[in-house]
Number of protein chains: 2
Amino acid sequence: MAHTNYNCNPGCPVEAALEVIGGKWKGVILYHLLSETMRFNELRRVMPEVTQRMLTKQLRELEADNLIARKVFPEVPPKVEYSMTEYGKTLTPVIHSLQQWGSRHLEEVAQRVADR
Amino acid sequence: MAHTNYNCNPGCPVEAALEVIGGKWKGVILYHLLSETMRFNELRRVMPEVTQRMLTKQLRELEADNLIARKVFPEVPPKVEYSMTEYGKTLTPVIHSLQQWGSRHLEEVAQRVADR
DNA sequence: CTGGATCCAACGCGATACTG
DNA sequence: CAGTATCGCGTTGGATCCAG
């Protein structure tokens, strides 16, 4: 289910992975959903700078790729929960290493600023 | 767990990481450069679908973020080598996990197709 | 609350031509 | 070989309104 152009030397693993999780906000979405199931507006709250339109779009794509599950509760007011699928959970090492590196990177950048 | 920064903004580690390596082709570029130093046209060859313009741009950004080094040889014809910086090499776990997951994902997708 | 539909500006990106 | 410059279009994505 390619959303960006699929045009790889057939079988580059990194390209294949980025094809699926390389969307602008997908990494962050997966990061949050790995820690807990969340509703639509909960996701908006932890990612304030993502517009509703974009959040919806990225969620749909992740769902189409079978990484997350969308569960609608037939209630009023509506309630929709997003959670990782079993397949999506296999991304744990990827997101985890991203988080680890990001943490150290934030320190690194802060250090560079402090040095000035 | 007790110290995880739940509220993502600002300073979400995953966002910070994606900020730097989330560019459309950066993951693939880093993947290749982690295995070996390469010249400009060598990179083009292993990533045929990336235009020259985009490759140049992404390389410049990675260089600005101190992840890769650009070494110009004052020769005719020109020769420019791109390599990982020491800091860039700290991305090894990230790229590695991406590659691992991508490999299994390719098998998964092939399996889905075979099932039909 | 959880979206879908529409309009429109911004710019990412490709194509092409040119240069040291 | 390794870029830079310019043009132009198509997509992205924000803002807004509407709906179940």
Side-chain angles (χ1 to χ4, degrees), chain A residues 1-9 15 18-30 32-33 36-65 67-85, chain B residues 8-9 15 18-30 32-33 36-65 67-84:
Chain A
M1 208 67 55
H3 304 298
T4 59
N5 303 327
Y6 193 84
N7 33 24
C8 193
N9 331 316
E15 277 189 40
L18 292 176
E19 190 78 21
V20 175
I21 67 168
K24 191 168 183 184
W25 298 104
K26 290 183 182 177
V28 189
I29 293 174
L30 293 171
H32 286 298
L33 290 185
E36 59 172 334
T37 294
M38 296 177 80
R39 297 180 59 176
F40 186 78
N41 272 7
E42 289 181 315
L43 282 168
R44 293 196 67 183
R45 230 166 286 133
V46 295
M47 303 163 52
E49 64 283 2
V50 186
T51 62
Q52 179 192 56
R53 172 191 164 87
M54 280 303 104
L55 182 55
T56 299
K57 203 164 144 252
Q58 303 269 294
L59 286 170
R60 290 292 182 280
E61 293 181 4
L62 290 171
E63 188 191 0
D65 284 326
L67 297 180
I68 68 174
R70 180 171 179 268
K71 182 174 183 184
V72 181
F73 294 81
E75 304 175 0
V76 176
K79 174 178 173 181
V80 180
E81 276 186 358
Y82 294 93
S83 60
M84 301 300 288
T85 61
Chain B
C8 218
N9 300 295
E15 277 190 41
L18 292 176
E19 190 79 21
V20 176
I21 67 168
K24 190 168 183 185
W25 298 105
K26 290 183 181 176
V28 190
I29 294 173
L30 294 170
H32 287 297
L33 289 185
E36 59 173 333
T37 293
M38 297 177 82
R39 298 179 59 174
F40 186 78
N41 272 8
E42 289 181 315
L43 281 169
R44 294 196 67 183
R45 230 165 288 132
V46 294
M47 303 163 51
E49 65 284 1
V50 187
T51 61
Q52 182 188 52
R53 171 193 163 87
M54 278 302 104
L55 182 55
T56 300
K57 202 167 142 248
Q58 303 269 294
L59 286 169
R60 290 290 183 280
E61 293 181 5
L62 290 171
E63 187 190 3
D65 284 326
L67 297 180
I68 68 175
R70 179 171 178 269
K71 183 175 182 183
V72 181
F73 294 82
E75 305 174 359
V76 176
K79 174 178 173 180
V80 179
E81 275 185 0
Y82 292 93
S83 59
M84 300 300 288

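Residue numbers start from 1 in every chain, and the chains themselves are labelled A, B, ... in the order their sequence lines are given, proteins ahead of strands.
- The separation between B:Lys24 atom NZ and D:dT11 atom P is 12 Å, rounded to whole Å.
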Take A:Val50 and A:Ile29 through the test side-chain contact (heavy atoms from CB on, under 4.5 Å) and record every step on the way to the result. CA-CA 10 Å; A:Val50 186; A:Ile29 293 174; over 6 Å; no

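- In this structure, the CE atom of B:Met54 is 6 Å from the P atom of C:dG14, given to the nearest Å.
- Residues B:Phe40 and B:Thr56 are in side-chain contact: their nearest non-hydrogen atoms beyond the backbone lie under 4.5 Å apart.
- The minimum heavy-atom distance linking B:Leu43 with B:Tyr82 is given by the pair CD1-CD1, 4.2 Å.
- In this structure, CD of B:Glu49 is placed 12 Å from P of C:dA15, rounded to the nearest angstrom.
- Listed here is the closest heavy atom pair of A:Lys79 and A:Glu81: CE-OE2, 3.7 Å.
- Here D:dA2 presents its P atom at 15 Å from CE of B:Met47, a figure rounded to the nearest Å.
- Rounding to whole angstrom units, CE of residue B:Met38 and C1' of D:dG3 are separated by 17 Å.
- In this structure, B:Glu61 places its CD atom 13 Å from C1' of C:dC13, rounding to the nearest Å.
- For B:Glu19, the CD atom counts as loosely surrounded, since its 6.0 Å shell holds 12 or fewer non-hydrogen atoms of other residues, nucleotides or ligands.
- Residues A:Lys24 and A:Gln58 approach most closely at N-OE1, 3.5 Å, considering heavy atoms.
- Straight-line distance from the NZ atom of B:Lys57 to the P atom of D:dA5: 15 Å, rounded to whole Å.
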Mark up nucleotides 1-9 of chain C, 5' to 3', with B wherever a protein heavy atom is under 4.0 angstrom from a base atom, S wherever such an atom reaches only the sugar-phosphate, and - elsewhere. BSBB-B---

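- Straight-line distance from the CD atom of B:Glu63 to the P atom of D:dA2: 15 Å, rounded to whole Å.
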